[in-house]
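Quick notes on the structure that follows.
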Amino acid sequence: MKTSSENNMRINTIRIKPFKDQKPGTSGLRKTVKQFQVLDYLQSFIQSIFNSLPELRDSTLILGGDGRYFNREAIQIILRMAAANGVGRIILGQAGILSTPAVSHLIKKHQALGGIILSASHNAGGPLGDFGVKFDTASGGPAPESLTDEIFIIASNLREYKIIDINPIPMDKIGQYKLGNMDVEVIDSVKDYAKLMADIFNFEKISALLTSPNFSMCFDAMNAVTGPYAIAILEDQLGAPEGTVIRGQPLPNFGGTHPDPNLVHAKQLVETMYQEENAPDFGAASDGDGDRNMIMGDYFFVTPSDSLAIMTANAHLIPAYSQGIKGVARSMPTSEAVDKVAEKLGLNCFETPTGWKFFSNLLDADEITLCGEESFGTGSNHVNEKDGLWAVLFWLNILAEKQDSVEHIVRQHWAEYGRNYYTRHDYEKLPFKSAEALFNNLDDNIEQLLHKPFNQHTIISADNFTYNDPIDQSVSENQGIRIIFDDSSRIIFRLSGTGTEGATLRVYIEKYVTDLDQFELDTQEALKSLIQTAELIADIKGYTGRTKPTVIT
Ligand code: G1P
Ligand code: ZN
């Protein structure tokens, strides 16, 4: 260890051996807590982020996380490293809490150089769970691939990091502190974000709905970051009855469940919404770091792909978008439901690879207003990240304007645009070798699939998706195998970039129908033959030994 002094601040330079595995995936560096607790592991990645940034002196950075296990320790380490690296000011969420969209908003508001978000999103927490570090740039959006690649190279060769020795700051108390020469401002985690929401939506109308005796809702914060946000906005500000928000306290292990808003993990909400009697009119949930959302009605589930399409079709009802919207974008595996709306409204519809970072350029260039992914992520140009509570308020605003039920709104949408049946089958914790062999086999044989018939339908297009970014002309290859049939049904295969244990194969299946008689089928039933085709084409059983997926959404 080397110690130097700068303006009365003792900076320690710690020698380390480079870590070769700090490659960020779909959304930041995500590893087990145990891995992050390895001596100097977190420090190496943070120093690599700092080294990748052009000018830290006098800069402002936003810092916060989803409250998961190791959040508080990580924040104190990052603060001491930021001071040692000459950062001018850190704006920190109280108790270390900030949702991903709140960080994105604060970056823009304070013209910060960027933000560090501590979260592994919807992955489990606790000492045996996962931890993660995401970096958002000055645009408020996730670091682009060029930057994450650079950070990875820096980390692979990093031999030292800088840190100061100093007592921890009291991060639970709002106020201004000095850490060495660096200013630290501990702010209310919710206030700025709540104001942004009030500027976008018609709070008066939403409040009238939420306080009406004829309406009830249930919001499941999954013991994760949106608890304080949802209680402050939905209950305190908009007047929803106390108890509308369930599991509203962020817990380091999320109460022992996955903070993943889907039909499998948001169990309590799903049971509430599927009650035979007295189910709430509206149900919603958000994930670990508050960027995902699930939307439900009384005995009804809205697929995220449909949700994006319906939000686009009804955007004119929301004050912030009432003047009209620019284009829209969806990730490649997301269903084409939004394409149909875009076509009718005469909007550009972009197809990007999986991962929010690919929307950032389009949002920055004002090419799109709304965007979303099948993985329960929706967002707009209000911040450069997906935003769970924003989507919930968007739906509440639609309900308040239409005075109609969730189910009826969705059914009317299908009647007008047709229905895109959609499902995703995940095969989790596969040995890397078998997942890669399966994928390589598909990739190698992709051209031979062309014109082949399966269950009376012929494959008219088959490729490994390459994205040409229309804004910066960057090219992202190998973004998933895409198989399209002559009735516009689609099967997509991808390997996940966010898992921490083994490989996850994702199979996305979609079928478009316009015949009203075809609207009432169970999704898995409607997609049965395509599901079988997918299993056959990829020889899932042969490569993995699995006869069924681990999770179906
Ligand atoms: C998953 C989702 C993707 C989302 C990402 C981060 O990534 O599929 O849409 O952007 O989490 O929330 P994957 O594990 O598929 O790489
Ligand atoms: Zn998330």
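Because the structure is predicted, anything quoted here is derived from the model rather than measured. Both counts, for ligands and for their atoms, begin at 1 and track the order of listing.
At a heavy-atom distance under 4.0 Å, atoms from both the backbone and the side chain of Ser496 approach ligand 1. For Lys386, every heavy-atom contact with ligand 1 shorter than 4.0 Å involves the side chain, none the backbone. Contacts between Lys357 and ligand 1, counted as non-hydrogen atom pairs separated by less than 4.0 Å, are absent for every part of the residue.
In terms of protein heavy atoms, atom 14 (O) of ligand 1 is closest to Thr498 OG1, 2.4 Å. Nearest non-hydrogen protein atom to atom 9 (O) of ligand 1 is Ser375 OG, 2.6 Å. Here the heavy atom of the protein found nearest to atom 8 (O) of ligand 1 is Arg424 NH1, 3.6 Å.
With ligand atoms numbered from 1 in the order given, ligand 1 contributes 8 (O), 13 (P), 14 (O), 15 (O) to contacts under 4.0 Å with heavy atoms of Arg506. The contact set between ligand 1 and Glu373, taken as ligand atoms under 4.0 Å from a residue heavy atom, comprises 3 (C), 4 (C), 9 (O), 10 (O). Every atom of ligand 1 with a heavy atom of Gly497 under 4.0 Å away is listed here by number and element: 13 (P), 14 (O), 16 (O). Heavy-atom proximity to Thr354, at under 4.0 Å, picks out these atoms of ligand 1: 3 (C), 8 (O), 9 (O).
The residue among Arg494, His122, Arg292 with a heavy atom at the shortest distance from atom 5 (C) of ligand 1 is Arg292.
With respect to Glu374, the salt bridge (charged side-chain N to carboxylate O under 4.0 Å, His left out) criterion is satisfied by exactly one of Arg490, Arg424, Arg506: Arg424.
For the ring-ring contact (aromatic ring centres under 6.0 Å, His included) test, no residue two or more places apart in sequence or in another chain qualifies with Tyr421.
Closest approach between the Zn ion (ligand 2) and any N/O/S atom of Asp291 involves OD1. Take the N/O/S atoms of Asp289: the one nearest the Zn ion (ligand 2) is OD1. Note on Asp287: its N/O/S atom closest to the Zn ion (ligand 2) is OD2.
Between Tyr41 and Phe36, the angle of the ring planes goes over 60°, which puts this pair in the perpendicular group of the 30/60° scheme.
Rounding to the nearest 0.5 angstrom, the gap separating the CD1 atom in Ile295 from the OG atom in Ser307 is 5.0 Å.
Counting heavy atoms from C-beta on, the side chains of Glu367 and Lys326 never come closer than 4.5 Å.
Electrostatic pairing of Asp339 and Arg330 counts as a salt bridge here, judged by a charged N lying under 4.0 Å from a carboxylate O. For the pair Arg482 and Glu351, the salt-bridge criterion is met [side-chain N within less than 4.0 Å of a carboxylate O].
Looking at Tyr427 and Thr504, their side chains never bring a donor and an acceptor atom within 3.5 Å of each other.
Aromatic rings from Phe493 and Phe439 are positioned such that their centres are separated by 6.0 Å or more.
Note on ligand 1: Gly355 sits in its first shell, one or more heavy atoms being nearer than 4.0 Å.
For the pair Lys340 and Tyr512, the cation-pi test (distance below 6.0 Å, angle within 45°) is passed.
With a cut-off of 2.8 Å, the Zn ion (ligand 2) has no N, O or S atom of Thr100 in range.
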